[in-house]
Amino acid sequence: MDLTRFTLTNYNNLPNKGSVTWSSPSNIALVKYWGKKEHQIPENPSISFTLDACKTITELNFEKKSKTDDSFSFKVFLDEVAKPDFHPKIETFFKRIETYIPFLKDFHFTIKTRNTFPHSSGIASSASGMSALALCLMSLEKQLNPNISGTDFIQKASFLARLGSGSACRSLEGDLVVWGNHQQIEGSSDLFGVKYPYQVHDVFKNYHDTILLVDKGEKQVSSTVGHNLMHGHPFAKQRFMQAVHNISKIKDILKSGDLDGFIALVESEALTLHAMMMASNPYFILMKPNTLKIINKIWSFRQQTGLPISFTLDAGANVHVLYPEKDAEQIYKFIKTQLVEYCQNGHYICDRIGFGAKQL
Ligand code: DP6
């Protein structure tokens, strides 16, 4: 794999100091990434809706070291509070991207970050957090390489974000992003996310995602551990093939606006993800009793009303309730009166499809 296009060379005149800020959203996968090879290469392609309300805002302050040494120098603050427990993850990220961003050790960085969603909501901040940080670093790189094209900028930012957290590479643009090479998606790559390049039916515009916070605690099994359990998993091969097939299927669904097809595919993807966890060795369950109660309520409401409500899950107990704008009023009323009681402390987040990261 030729990675030279992602490596910055021939630069000089490092700025003495400065600051850049990016806001980057979270995303929710419709076809899931679950299983990876070395260097954060996904076992199968995935596609996600970019979210709008759930985002991370990161300010990167950089100051040239008086003398370059062989260490990364940075401090991280979440909501103005120093977070030394974030250091190992960022240190790992810096190590992985150092070849491509060779000036990392020339600076001291102060990373000030905040999320629009509560930290303890059980919503992973790694996608929005890593993409925001990757974009900040690219803005610094742009100061050394001002002629970088818009496409190269965004692709390299996505490439870097992927090395921080796989799903983060799908958070830079909107409203649909594909990550992972797929024969029928032109331009798709295992190395970075690309904006979905085909026609999308109007029914998917402004699609809603109401996130029901069933369990706000720390997950017992991290995504990284879960991905690794796909190595030697008895159903891995079939699962990866199924995801490839589902990307082909969703292409037709997105074009035609076939909501029944959408619901069937997205819910099957969510349950298959959790089925993989339950069939891993060691096995584990991230859903909670209230996750299942919500799913059953959604199914009976859909049967009774014929309304196109559906759900998806990420690697946790929370439920993402998906529905089109045209039915939002009735479905939101149902959520408020019948589903919110299953949320921890009644907490939920009203989100919808969004359009990607922004420099502030
Ligand atoms: C279930 O991107 O969090 O949300 O690459 O190890 O950081 P790492 O994993 P991560 O995994 C996300 C898994 C998922 C499905 C998805 O977003 O596609």
Side-chain angles (χ1 to χ4, degrees), residues 24-51 54 56 86 88-93 95-97 121-134 158-172 176-180 182 188 190-194 196 209 211 218-231 233 236 239-240 242-244 246-247 250 265-278 280 284-287 291 311-320 322 351:
S24 190
S26 186
N27 68 75
I28 182 70
L30 305 173
V31 174
K32 309 287 180 182
Y33 147 58
W34 197 243
K36 59 177 160 182
K37 303 175 200 162
E38 229 193 333
H39 306 303
Q40 300 279 101
I41 298 299
E43 289 277 11
N44 64 259
S46 56
I47 183 167
S48 51
F49 272 156
T50 306
L51 295 182
C54 289
T56 299
F86 284 14
K89 194 151 189 195
I90 293 186
E91 180 91 21
T92 305
F93 177 49
K95 275 190 197 142
R96 287 184 189 159
I97 65 170
S121 60
I123 297 200
S125 56
S126 62
S128 51
M130 283 298 174
S131 53
L133 183 55
S158 177
F159 172 88
L160 297 174
R162 185 196 97 243
L163 292 169
S165 177
S167 56
C169 77
R170 296 188 313 236
S171 268
L172 290 80
L176 278 154
V177 176
V178 176
W179 168 39
H182 190 284
S188 60
D190 284 349
L191 300 176
F192 47 82
V194 292
Y196 180 72
D209 177 2
I211 309 166
E218 186 100 344
K219 284 183 272 182
Q220 301 105 315
V221 181
S222 73
S223 290
T224 303
V225 171
H227 284 291
N228 281 332
L229 292 174
M230 289 305 281
H231 294 295
H233 191 292
R239 162 59 198 154
F240 303 146
Q242 179 195 41
V244 172
N246 278 346
I247 296 272
I250 208 167
L265 186 145
V266 164
E267 292 189 349
S268 163
E269 274 289 321
L271 294 179
T272 302
L273 167 72
H274 285 258
M276 289 299 119
M277 299 173 189
M278 290 188 239
S280 295
F284 59 105
I285 301 181
L286 295 183
M287 290 186 286
T291 311
F311 72 86
T312 188
L313 307 166
D314 55 17
N318 297 332
V319 182
H320 290 248
L322 304 175
D351 211 336

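Because only heavy atoms are used, hydrogens play no part in the values below, and waters and symmetry mates are left out as well, while side chains stay in. Read the numbers this way: they start at 1 and go in the same order the structure lists the ligands and their atoms.
At most 12 heavy atoms of other shown residues, nucleotides or ligands fall within 6.0 angstrom of atom NE2 in H39.
For the pair R162 and F159, the cation-pi criterion (under 6.0 Å, within 45° of the ring axis) is fulfilled.
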Contacts table for ligand 1: protein N or O within a distance under 3.5 Å of ligand N or O, distances only.
{"from": "ligand 1", "atom 1": "2 (O)", "to": "S165", "atom 2": "OG", "distance (Å)": "3.2"}
{"from": "ligand 1", "atom 1": "2 (O)", "to": "S167", "atom 2": "N", "distance (Å)": "2.8"}
{"from": "ligand 1", "atom 1": "2 (O)", "to": "S167", "atom 2": "OG", "distance (Å)": "2.7"}
{"from": "ligand 1", "atom 1": "5 (O)", "to": "Y33", "atom 2": "OH", "distance (Å)": "2.6"}
{"from": "ligand 1", "atom 1": "5 (O)", "to": "K36", "atom 2": "NZ", "distance (Å)": "3.3"}
{"from": "ligand 1", "atom 1": "5 (O)", "to": "Q40", "atom 2": "NE2", "distance (Å)": "3.4"}
{"from": "ligand 1", "atom 1": "5 (O)", "to": "G166", "atom 2": "N", "distance (Å)": "2.7"}
{"from": "ligand 1", "atom 1": "6 (O)", "to": "K36", "atom 2": "NZ", "distance (Å)": "2.7"}
{"from": "ligand 1", "atom 1": "6 (O)", "to": "T224", "atom 2": "OG1", "distance (Å)": "3.0"}
{"from": "ligand 1", "atom 1": "7 (O)", "to": "S165", "atom 2": "OG", "distance (Å)": "2.7"}
{"from": "ligand 1", "atom 1": "9 (O)", "to": "H227", "atom 2": "NE2", "distance (Å)": "3.0"}
{"from": "ligand 1", "atom 1": "11 (O)", "to": "H227", "atom 2": "NE2", "distance (Å)": "2.9"}
{"from": "ligand 1", "atom 1": "17 (O)", "to": "R170", "atom 2": "NH2", "distance (Å)": "2.7"}
{"from": "ligand 1", "atom 1": "18 (O)", "to": "Y33", "atom 2": "N", "distance (Å)": "2.9"}
{"from": "ligand 1", "atom 1": "18 (O)", "to": "R170", "atom 2": "NH1", "distance (Å)": "3.0"}
{"from": "ligand 1", "atom 1": "18 (O)", "to": "R170", "atom 2": "NH2", "distance (Å)": "3.2"}

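Using bins of under 30°, 30° to 60° and over 60° for the plane-to-plane angle, the ring pair H227/W34 lands in the tilted bin.
Q220 pairs by the side chain to side chain contact (heavy atoms under 4.5 Å, CB included) definition with L286, K288, not counting sequence neighbours.
You'll find the side chain of L176 reaches within 4.5 Å of the side chain of F49, heavy atoms only.
Neither side chain, K32 nor T272, offers a donor N or O lying under 3.5 Å from an acceptor on the other.
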